[in-house]
Amino acid sequence: MKVVSKQTNSRMCFICGMDNPTGLRAQFYNMEDGSVVTPFQFREEHQSFPGRVHGGLVATMIDELGLRALWVKSESRMGVTMSLETKYRKPVPYGEPLYGRGVVMRESSKFAAIHAQILNAQGEVLAEGTTKYILLDAEQIAQGVDEHAQMCYLLEDEVRELPVG
């Protein structure tokens with residue numbers, strides 16, 4: 001599927017923070033179908049049992065994909081997670097290429113529901129979930145924090161297509 005544009009990365013977020021040494025440093029792409037996609041890999045330090053990623057970290061990526069799906073329309077959109085339902089279909093491995101994909105299912109002026117998936121390189125769904133957000137202004141979420149200073153990295157690259165869709 002074709003990439004339309006790329007989203008910015010933060011400094012310290014566990015999922016997208018480029019300055020976070022323990023994080024994933026995932027980069028997110030807005031796709032032609034209105035979804036968001038990230039190619040990423042969990043690492044050995046993200047495991048629960050050998051060979052498997054901790055379920056809480058899988059849910060963390062599902063949550064991040066929710067907000068990132070809202071950003072497909074505009075990165076100025078902000079929200080806070082109200083609920084997160086994650087279904088674990090197969091063990092999520094570390095050290096292997098994975099893809100996260102999120103798409104807005106429903107939204108109003110105050111709320112949004114997003115469906116997200118984590119897939120392996122063969123396109124099998126390993127985990128999926130629904131995240132519900134209450135939409136708020138950035139100032140309501142983090143008073144006194146300059147979100148532009150936090151979301152400060154736009155890492156240009158040559159990615160124009162991703163094998164998800």
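Using a 4.5 Å heavy-atom cutoff, the side chains of Leu136 and Met78 are not in contact. Between Gln41 and Pro97, some side-chain heavy-atom pair lies under the 4.5 Å cut-off. Contact check for Leu155 versus Met18: side-chain heavy atoms found under the 4.5 Å cut-off. Using a 4.5 Å heavy-atom threshold, the side chains of His115 and Gln117 count as touching.
Annotation for Met61: hydrophobic cluster partners, listed by chain and number, are Phe14, Ile15, Leu24, Phe28, Val36, Phe40, Phe42, Val53, Leu57, Val58, Ile62, Leu65, Val72, Leu84, Tyr88, Val92, Tyr94, Leu98, Ile118, Leu126 (ILVMFWY side-chain heavy atoms under 4.5 Å, direct or chained).
Annotation: side-chain hydrogen bond (donor to acceptor under 3.5 Å, both in side chains) contacts of Arg25 (sequence neighbours excluded): none. With sequence neighbours excluded, no residue forms a side-chain hydrogen bond (donor to acceptor under 3.5 Å, both in side chains) with Lys87. With sequence neighbours left out, Gln7 forms a side-chain hydrogen bond (donor to acceptor under 3.5 Å, both in side chains) with Asn30, Arg68. Scored by the side-chain hydrogen bond (donor to acceptor under 3.5 Å, both in side chains) test, Asp33 finds Ser35, Arg101 as partners (sequence neighbours excluded). Taking Ser83 as the reference, Lys132 meet the side-chain contact (heavy atoms from CB on, under 4.5 Å) condition, with sequence neighbours excluded.
In this structure, Leu162 CG and Lys2 NZ are separated by 11.5 Å, a value rounded to the nearest 0.5 Å. For the atom pair Met82 CE and Thr131 OG1, the distance stands at 11.5 Å (nearest 0.5 Å). Here CD of Glu107 is found 9.5 Å from OG of Ser109. Values are rounded to the nearest 0.5 Å.
Tyr133 contributes a side-chain N or O that, together with a main-chain N or O of Leu67, makes up a donor-acceptor pair within less than 3.5 Å. Side-chain atoms of His46 do not come within 3.5 Å of backbone N or O of Gly23 as any donor-acceptor pair.
Nearest heavy atoms, Met31 versus Val4: C-CG2, 3.6 Å. Residues Arg43 and Pro21 come closest through the heavy atom pair NH2-O, 3.4 Å. Closest non-hydrogen pair, Glu96 versus Pro93, comes out as OE1-CG, 3.6 Å. Looking at every heavy atom in both residues, Ala26 comes nearest to Thr38 through CB-OG1, 3.5 Å. Minimum heavy-atom separation, Tyr99 to Asn120: CD1-O, 4.2 Å. Heavy-atom minimum distance, Ala59 versus Thr86: CB-OG1, 3.7 Å.
Two different hydrophobic clusters hold Val103 and Met1 under the rule that ILVMFWY side chains link at heavy-atom gaps under 4.5 Å. Hydrophobic clustering (ILVMFWY, side-chain heavy atoms < 4.5 Å, transitive): Ile134 and Val104 are in one cluster. Val159 and Val164 fall within the same hydrophobic cluster, defined by Ile, Leu, Val, Met, Phe, Trp and Tyr side-chain heavy atoms under 4.5 Å apart, directly or through other members. Placement of Phe111 and Ile114 within a single hydrophobic cluster is found when ILVMFWY residues are connected by side-chain heavy-atom separations under 4.5 Å, directly or transitively.
The number of heavy-atom neighbours closer than 6.0 Å to CZ of Arg52, taken from other residues, nucleotides and ligands shown, is 12 or below. Within 6.0 Å of atom CD in Glu45, more than 12 heavy atoms from other residues, nucleotides or ligands are found, so the atom counts as buried in its surroundings.
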